[in-house]
Amino acid sequence: MSKSRAEAAAGAPGIILRYLQEQNRPYSAQDVFGNLQKEHGLGKASVVKALDQLAQEGKIKEKTYGKQKIFFADQDQFDAVSDADLHSLDAKIAALTAKVQSLQQSCRHMEAELKELTNALTTPEMQKEILELKNECARYTERLKNIKAATNHITPEEKEEVYTDRRKYCKEWRKRKRMTTELCEAILEGYPKSKKQFFEEVGIETDEDHNVTLPDP
């Protein structure tokens, strides 16, 4: 055992006695150890030994519940409390409990507000974003101005005429391609060579040869 641990163990009875008298509530050995270990560096064995010693000396009381011992300060050392005093203490406890709940609620509101403010943009960030949006708006305004100023607009009627022609020519394209395909297949039935050789001899070029795809109807 180190010197500091030994000194803590030697002073354990006094530390624990003061603690039980100040708190004036029942504790198990594990509770006392957990509450005092960090501040005073007491080991579990030192706490158990000190509690047993204090109980044997009559400085504290102990009660056994099943397999667990509970230790608490000797109540005879405290002045008797009247019913009126108890009622007064109960009232104070109720008032303090309400105050604690109110403060906890205020803390929750402040934490939520802090979280919202933390996630929000800073003033320089907002100024930068505003400037970027203004620049973007200016670009779109200029683009719209150029579009409106253009002289090569087409009317809806002209646009519809273009689409009508497109549909007509695609329909004719599809029709002629089907006819050509059927004619070639009929010839190839009696042709002694391959389809590729036939196309080369005749000079037929397909859409696929030029990576051309027939538009959808």
(request) Mind running side-chain contact (heavy atoms from CB on, under 4.5 Å) on Lys69 and Lys63 for me, showing each step along the way? (result) CA-CA 6 Å; Lys69 286 184 178 181; Lys63 285 189 177 182; over 6 Å; no
(request) Give a yes or no on whether the backbone of Asp31 and the side-chain of Asn35 come within a donor-acceptor separation of less than 3.5 Å. (result) yes
(message) Hydrophobic clusters here meaning ILVMFWY residues chained together by side-chain heavy-atom distances under 4.5 Å, can you tell me if Leu131 and Leu133 are in one?
(response) no
(request) Spell out, yes or no, whether Leu54 and Phe72 are grouped together once hydrophobic residues are joined by side-chain heavy atoms under 4.5 Å, including indirect joins. (result) no
(request) Establish, from distance only, whether the side-chain atoms of Asp74 and Gln21 form a donor-acceptor pair under 3.5 Å. (result) no
(request) Report yes or no: do Leu96 and Leu103 belong to one cluster of Ile/Leu/Val/Met/Phe/Trp/Tyr joined by side chain heavy-atom distances under 4.5 Å? (result) no
(request) Establish, yes or no, whether a centroid distance under 6.0 Å links the rings of Phe71 and Tyr27. (result) no
(request) State, with a plain yes or no, whether a side-chain heavy atom of Leu36 is found less than 4.5 Å away from one of Tyr19. (result) yes
(request) Report the distance from atom CD of Gln75 to atom CD1 of Ile60, rounding to the nearest 0.5 Å. (result) 12.0 Å
(request) Evaluate whether atom NZ of Lys177 has more than 12 neighbouring non-hydrogen atoms of other residues, nucleotides or ligands under 6.0 angstrom away. (result) yes
(request) Go through the steps to decide whether Thr213 and Asp207 satisfy the test side-chain contact (heavy atoms from CB on, under 4.5 Å), and finish with yes or no. (result) CA-CA 7 Å; Thr213 302; Asp207 294 338; over 6 Å; no
(message) Nearest 0.5 Å, please: how far is NZ in Lys92 from CG in Asp90?
(response) 11.5 Å
(message) Side-chain heavy atoms nearer than 4.5 Å, only ILVMFWY residues, links allowed to pass through others: does that put Tyr191 and Leu183 together?
(response) yes
(message) Working to the nearest 0.5 angstrom, can you tell me the gap between Phe33 CZ and Leu51 CG?
(response) 12.0 Å
(message) If you define the side chain from C-beta out and look only at heavy atoms, does anything of Glu157 sit under 4.5 Å from Glu161?
(response) no
(message) Strictly distance-based, threshold 3.5 Å: is any side-chain N or O of Gln68 a donor or acceptor partner for the main-chain N or O of Tyr65?
(response) no
(request) Is it possible for you to say whether Met110 and Leu114 belong to one hydrophobic cluster, with membership spreading through side-chain heavy-atom contacts below 4.5 Å? (result) no
(request) Taking only Lys NZ, Arg NE, NH1 and NH2, and the carboxylate oxygens of Asp or Glu, determine whether Arg166 and Glu160 approach each other closer than 4.0 Å. (result) no
(message) So, applying salt bridge (charged side-chain N to carboxylate O under 4.0 Å, His left out) with Glu201, which one of Lys193, Lys195, Lys196 is it?
(response) Lys193
(request) I would like to know whether Ile70 and Glu62 meet side-chain contact (heavy atoms from CB on, under 4.5 Å); could you show each step before the answer? (result) CA-CA 5 Å; Ile70 299 298; Glu62 69 174 12; over 6 Å; no
(request) Give, for atom CZ of Arg139 and atom CZ of Arg143, the distance between the pair rounded to the nearest 0.5 Å. (result) 11.0 Å
(request) Determine, stepwise, if the pair Arg167 / Lys171 fulfils side-chain contact (heavy atoms from CB on, under 4.5 Å). (result) CA-CA 6 Å; Arg167 287 192 293 269; Lys171 181 179 180 181; over 6 Å; no
(request) Without swapping roles, check the side chain of Glu158 against the backbone of Thr155 for a donor-acceptor pair under 3.5 Å. (result) yes
(message) So that I can tick it off, tell me whether Glu111 and Lys115 are bridged by a salt bridge, with the cut-off set at under 4.0 angstrom between side-chain N and carboxylate O.
(response) no
(request) Give the minimum heavy-atom separation between Leu17 and Lys59, together with the two atoms involved. (result) CD1-O, 3.8 Å
(request) Look up atom OG in Ser88 and atom CD1 in Ile93, then write down how far apart they are to the nearest 0.5 Å. (result) 10.0 Å
(request) Determine whether the side chains of Gln30 and Lys44 contain a donor N or O and an acceptor N or O closer than 3.5 Å. (result) yes
(request) Would you confirm whether Ser102, through its side chain, and Ala98, through its main-chain N or O, come within 3.5 Å as a donor-acceptor pair? (result) no
(message) Counting only heavy atoms not in Glu116 (residues, nucleotides, ligands), do more than 12 fall under 6.0 Å from its CD?
(response) no
(message) Within the structure provided, determine whether Glu132 and Lys128 are in side-chain contact (heavy-atom separation under 4.5 Å).
(response) yes
(request) Quick one: closest heavy-atom pair of Ile204 and Cys184, and the distance? (result) CD1-SG, 3.8 Å
(request) Take atom CD of Glu125 as the centre, draw a 6.0 Å sphere, and report whether it contains more than 12 heavy atoms from other residues, nucleotides or ligands. (result) yes
(request) Quick one: pull up CD in Glu185 and OG1 in Thr180 and give me the separation to the nearest 0.5 Å. (result) 11.0 Å
(message) So which atom in Ala50 and which in Ile16 form the shortest heavy-atom distance, rounded to 0.1 Å?
(response) CB-CD1, 3.6 Å
(request) State whether the side chain of Asn24 and the backbone N or O of Leu20 hold a donor-acceptor pair below 3.5 Å, judged by distance alone. (result) no
